[in-house]
Amino acid sequence: MAALARCRTLIQLLRPQTSIIDVGCRSQDVLHSVIYKRAQCARHAFFGVKRQYSSDVKSGDDLIVKYLDGDDSGIVVFGINRSKAKNAISKNLVKMMSEAIQSVKKNNKVRTVILCSMVPGIFCAGADLKERAKMHQSEVGPFVAKARTLIMELGNLPMPTIAAIDGAALGGGLEMALACDIRVAATSAKMGLVETKLAIIPGAGGTQRLPRTVGVSVAKELIFAARVLDGVEAKRLGLVNHAVEQNESGDAAYLQALYLAREFNPQVDLATGLAIEEACYAQVIPTKDRLEGLAAFKEKRLPRYKGE
């Protein structure tokens, strides 16, 4: 425990200090205003594509992956793009998202990932039930397992992940959002684990991640009732970090997510993070507990740690 406490202190010392900490409230407001305006410019660069699917996006592109550049270099946007199916989770979407996740996972230049929708008014309606109905019973289990693995991989990405919920996030859609580190929602968005209405239960981590986010008792109530919340109620319960008024473009949550990503980017980079890890690991090498752990493993018994 002492080593962990020293590690936390070391992390604070190595984290670069920004002017937000040092300047007064007025300067903070100016800085935040600048970040917000720059986020608006980046929004136009990305969502300019969003409004022109028919000409700019090939048919069948269920996921649009955009690596932002310029001042936003290091931010990657995953845009779900299944307008006819309300962004429902299909075999192809699972495949494309898995590939995208593996790609950014290996890219040490990626600093933040934003998961959003390219379809106005919807984040993700959950599993593609029309596709599911055509599956043989023997196919359902493996598909659910792949979707669960996908969401787990999303949750295990080493860089911060932000879900921008500008529309309905139901069932598996909310489970994807719950796997992200941070959730931002429009006040008009609708969220809920609604599986009990279909005589099933959340099957991609919802029963585990929701109680860890809002508490066990509240999570039970929401799941048992298949209740759907708007952004305001979701913020009150702690399901989302921010609830923002929707704008005319329908991308207010994405804009707020981009604003947050811009704040995250100047913080600890990968090289510094690896240096921190190395320094922390060095502190545990001389401990008695480390030797006890090795001895217990060799002797096939439970270790008896003393915090030394």
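What you see is a predicted model, and the numbers here were worked out from it, not measured in a lab.
When all heavy atoms are compared, the tightest approach of Leu210 to Ala219 is CG-CB, 3.8 Å. For the pair Val214 and Gly238, the tightest heavy-atom approach, listed with the atom from each and the gap, is CG1-C, 4.2 Å. When every heavy atom of Ala186 is checked against every heavy atom of Asp166, the shortest pair comes out as CB-OD1, 4.0 Å. Here the closest non-hydrogen pair linking Ala243 and Lys235 is CB-CB, 3.9 Å. Of all heavy-atom pairs spanning Ala189 and Gly167, the tightest one is CB-O, 3.4 Å. Contact detail for Gln246 and Ala252: the closest heavy-atom pair is OE1-N, 2.9 Å.
Inter-residue side-chain proximity for Val140 and Arg132 is flagged as met; some heavy-atom pair is nearer than 4.5 Å. Annotation: side chain of Phe78 is in contact with side chain of Leu63 (closest heavy-atom distance under 4.5 Å). When side chains are defined from C-beta on, Phe123 does not count as touching Leu174, because their heavy atoms never get closer than 4.5 Å.
Atom-to-atom distance recorded for Asp61:CG and Leu93:CG is 11.5 Å, nearest 0.5 angstrom. To the nearest 0.5 Å, atom CD of residue Gln256 and atom CD1 of residue Ile182 are 10.5 Å apart. Ile122 contributes atom CD1, which lies 11.0 Å from atom OG of Ser83 (distance to the nearest 0.5 angstrom). Put simply, CD1 on Ile151 and CE on Met97 are 8.0 Å apart, with the number rounded to the nearest 0.5 Å. Put simply, CD1 on Ile165 and OG on Ser188 are 11.5 Å apart, with the number rounded to the nearest 0.5 Å. Atoms OG1 and CZ, from Thr161 and Phe264 in turn, are 9.5 Å apart once rounded to the nearest 0.5 Å.
Using modelled atom types, one side-chain atom of Glu175 and one backbone atom of Ala204 make a donor-acceptor pair closer than 3.5 Å. Here the side chain of Ser98 pairs a donor or acceptor atom with the backbone of Val94 at under 3.5 angstrom. Distance alone, capped at 3.5 Å, places no donor-acceptor pair between the Ser249 side chain and the Asp251 backbone. Formation of a donor-acceptor pair under 3.5 Å by the Asn156 side chain with backbone atoms of Met152 is found in this model. Checking side-chain atoms of Thr112 against main-chain N and O of Ile75 turns up no donor-acceptor pair under 3.5 Å. The closest donor-acceptor contact from the side chain of Glu195 to the backbone of Ile200 lies at 3.5 Å or more, if one exists at all.
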Go through the steps for Ile80 and Leu115 under the test side chain to side chain contact (heavy atoms under 4.5 Å, CB included), then give the verdict. CA-CA 8 Å; Ile80 307 175; Leu115 176 64; 4.1 Å; yes
Walk me through whether Glu263 and Leu260 qualify under side chain to side chain contact (heavy atoms under 4.5 Å, CB included). CA-CA 5 Å; Glu263 283 193 302; Leu260 291 173; 3.8 Å; yes
Which is it for Leu129 and Leu198 under the side chain to side chain contact (heavy atoms under 4.5 Å, CB included) test, yes or no, and what are the steps along the way? CA-CA 10 Å; Leu129 297 182; Leu198 300 172; 3.8 Å; yes
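Heavy-atom neighbours of Glu308 CD from other residues, nucleotides or ligands within 6.0 Å: above the threshold of 12. Ile285 CD1: more than 12 foreign heavy atoms inside a 6.0 Å radius. Atom OH of Tyr281 has 12 or fewer neighbouring heavy atoms from other residues, nucleotides or ligands inside a 6.0 Å radius.
Linking ILVMFWY side-chain heavy atoms closer than 4.5 Å, directly or via other members, places Leu170 and Leu178 in two distinct hydrophobic clusters. Linking Ile, Leu, Val, Met, Phe, Trp and Tyr residues whenever their side-chain heavy atoms come within less than 4.5 Å places Val110 and Leu154 in a single cluster. Hydrophobic cluster membership differs between Ile201 and Met176, with clusters built from Ile, Leu, Val, Met, Phe, Trp and Tyr side chains linked at under 4.5 angstrom. A single hydrophobic cluster is not seen to contain both Val194 and Val218; linkage of ILVMFWY side chains at heavy-atom distances under 4.5 Å, directly or through other members, places them apart.
Screening residues 74-84 for salt bridge (charged side-chain N to carboxylate O under 4.0 Å, His left out), with sequence neighbours left out, gives Asp62-Arg82, Arg82-Asp128. Sorted by first then second residue, the side chain to side chain donor-acceptor pair (under 3.5 Å) pairs that include residues 140-149, not counting sequence neighbours, number zero. Counting only residues at least two apart or on different chains, the side chain to side chain donor-acceptor pair (under 3.5 Å) pairs with a member in residues 289-298 are Glu292-Arg301. Residue pairs satisfying the side chain to side chain donor-acceptor pair (under 3.5 Å) criterion with at least one member in residues 118-127, sequence neighbours excluded, are absent.
The residue from Leu258, Val240, Ile162 that alone fulfils the side chain to side chain contact (heavy atoms under 4.5 Å, CB included) condition with Val184 is Ile162.
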Using distance only, find each side-chain donor-acceptor pair of residues 220-234 under 3.5 Å and give its atom names and separation, not counting sequence neighbours.
unit_1: Glu221; atom_1: OE2; unit_2: Arg227; atom_2: NH1; d: 2.5
unit_1: Glu221; atom_1: OE2; unit_2: Arg227; atom_2: NH2; d: 3.3
unit_1: Asp230; atom_1: OD1; unit_2: Val232; atom_2: N; d: 3.2
unit_1: Asp230; atom_1: OD1; unit_2: Glu233; atom_2: N; d: 2.9
unit_1: Glu233; atom_1: OE1; unit_2: Arg236; atom_2: NE; d: 3.1
unit_1: Glu233; atom_1: OE2; unit_2: Arg236; atom_2: NE; d: 3.4
unit_1: Glu233; atom_1: OE2; unit_2: Arg236; atom_2: NH2; d: 2.6

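For Glu245, the salt bridge (charged side-chain N to carboxylate O under 4.0 Å, His left out) criterion is met by no residue, not counting sequence neighbours.
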